[in-house]
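Encoded as structure tokens, the structure appears first; notes follow it.
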Amino acid sequence: MAKAVAWHASFTSYSSSSSSSPFPRNPIVPVGFSLSLSPRIHTLSSAFPSLSIKPKRPNSSFEVRSVAAPAEDIAGFDEMVSGTERKYYMLGGKGGVGKTSCAASLAVKFANNGHHTLVVSTDPAHSLSDSFAQDLTGGMLVPVEGPDFPLFALEINPDKAREEFRDATKNNGGTGVKEFMDGMGLGILVEQLGELKLGELLDTPPPGLDEAIAISKVMQFLESPQYNMFTRIVFDTAPTGHTLRLLSLPDFLDASIGKILKLRQKIASATSAIKSVFGQEETKQNAADKLERLRERMVKVRDLFRDADSTEFVIVTIPTVMAVSESSRLSASLKKENVPVKRLIVNQILPPSASDCKFCAVKRKDQMRALDVIQSDPELSSLKLIQSPLVDMEIRGVPALKFMGDIVWK
Ligand SMILES: Nc1ncnc2c1ncn2[C@@H]1O[C@H](COP(=O)(O)OP(=O)(O)OP(=O)(O)O)[C@@H](O)[C@H]1O
């Protein structure tokens, strides 16, 4: 179990020359803040020479003076960053615990360590744009400026992805077949065939289908050669419920699409004889082909989720008994789905209270109790525990994410 490290970081002043809109179109808001750290670090007796990072952009008025603890192998970052084979990191957990901040800070750290990195949000309630203080909307890859190596971000828009699938099937699931079959008095078959229209499946999607389509869209990106350069891909997933459905959905989709295709096959072969007489080409086949492609992609997604060599799910939580209990259930579910889990981040830990703040002392005692629960939890105690301190300002913009990454991902 990693030694507890607690930092007390206070941002002495924070001003940003932001434009009127919350997300200026220019790649990054020059963030003006200076950071003075007075670390109360349990495991270090003396501060370390402060590092000052020269601002990348001459007009940005920030200077970050941070005192870095020696590179203790707390998160096992050396293992995470080593090698040029592509690796995927999915961060998930209860709502509001800091998933996006941890995912974005990990992506910045990978990029600053030489990896072409893509950070993807599959959470319909995206907050990557907030975290990077940059407009990342639109469902396409957006370059993030600031890190040493290319870092791109993508906020997947499940509704948009779903629209694309629905339009594709509507065009191919044309009514040509329906009129023809009606004309042959085989309307009943069309009803059955009609019930299997992919569009309807998407109209009332089972929970998590959005996520699966979103991830399959990411696979689309990643399969195309122009994105081969990414060697680290970080997923900022939705809160626990969505994520669990997402992880179990490829199986569901594989099975259900498999059934749909089998049924279509039966109906199609029953009617192909008639059509061959009338020379009607099979328009339904295109929809079936799309279903087959979706099914194949889901199988790839499922295999990706379970590949211990290239994928890892990092659970993010906060030090409360409720959040720890939910994390334990999430860990058990991930294990059931054979999804590799090795690390647990406990975020927003209060530093020991220097003043006689009674509230702080009680709160921290409560947090320590939650940490004890982790130690005794059969699911969580085997994970590498990463403790992330509560800093007293929001983590927004690349400099702040770099600061958080230097504390958490060591
Ligand atoms: N260690 C920390 N210290 C201080 N603030 C933090 C820390 N971690 C996260 N925050 C802040 O907490 C808020 C929520 O963080 P974040 O959006 O990363 O959580 P999330 O789990 O992704 O939330 P959601 O479930 O809503 O997507 C943000 O304002 C973020 O800046």
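Hydrogens, waters and symmetry mates play no part in the numbers below; they use all other heavy atoms, side chains included. All ligand and atom numbering here is 1-based and tracks the order in the structure.
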> In terms of ring plane angle, is the pair Phe235 and Tyr88 parallel, tilted or perpendicular, where the classes change at 30° and 60°?
Replying inline: parallel

> Is there any ring-ring contact (aromatic ring centres under 6.0 Å, His included) pair reaching into residues 326-357, and which pairs are they, with sequence neighbours excluded?
Replying inline: none

> Asn347 heavy atoms, cut-off 4.0 Å: which ligand 1 atoms fall inside?
Replying inline: 1 (N), 2 (C), 7 (C), 8 (N), 9 (C)

> Side chain, backbone, both or neither: which part of Pro389 comes within less than 4.0 Å of ligand 1 when only heavy atoms are counted?
Replying inline: backbone

>> Counting non-hydrogen protein atoms only, what is the nearest one to atom 4 (C) of ligand 1? Give residue, atom name and distance.
In response: Val391 O, 3.1 Å

> Roughly how far, to the nearest 0.5 Å, is the CZ atom of Arg343 from the CG atom of Leu385?
Replying inline: 12.0 Å

> Can you tell me the protein heavy atom closest to atom 24 (P) of ligand 1 and the distance?
Replying inline: Gly96 N, 3.6 Å

> Of the protein's non-hydrogen atoms, which lies at the shortest distance from atom 31 (O) of ligand 1, and what is that distance?
Replying inline: Ile395 N, 3.0 Å

> CE of Met368: more than 12 outside heavy atoms within 6.0 angstrom?
Replying inline: yes

>> Please evaluate residues Asp377 and Glu379 with respect to the criterion side-chain contact (heavy atoms from CB on, under 4.5 Å), reporting the C-alpha separation (whole Å), side-chain torsions for both, the decisive distance (0.1 Å), and the verdict.
In response: CA-CA 5 Å; Asp377 182 280; Glu379 281 299 333; 3.0 Å; yes

>> Nearest non-hydrogen contact with atom 7 (C) of ligand 1 belongs to which option: Met393, Glu394, Lys99, Gln348?
In response: Gln348

>> What I want to know is whether Asp236 and ligand 1 share at least one N or O pair that is separated by under 3.5 angstrom.
In response: no

> Considering the options His115, Arg86, His116, Glu85, which one meets the side-chain hydrogen bond (donor to acceptor under 3.5 Å, both in side chains) requirement together with Thr231?
Replying inline: His115

>> Rounded at 0.5 Å granularity, tell me how far OG in Ser131 sits from CE in Met404.
In response: 8.5 Å

>> So, taking the atom named CG in Asn347 and the one named CD1 in Ile395, what distance separates them when rounded to the nearest 0.5 Å?
In response: 7.5 Å

> In terms of atom number and element, which parts of ligand 1 are under 4.0 angstrom from non-hydrogen atoms of Leu390?
Replying inline: 3 (N), 4 (C)

>> Would Gly95 count as being in polar contact with ligand 1, using the rule that some N or O on each side must be under 3.5 angstrom apart?
In response: no

>> Could you identify the single nearest non-hydrogen protein atom to atom 30 (C) of ligand 1 and state the distance to 0.1 Å?
In response: Ser101 OG, 3.7 Å

> To which protein heavy atom is atom 19 (O) of ligand 1 closest, and what is the distance rounded to 0.1 Å?
Replying inline: Gly98 N, 3.0 Å

>> Determine whether any protein heavy atom is located less than 4.0 Å from atom 13 (C) of ligand 1.
In response: no

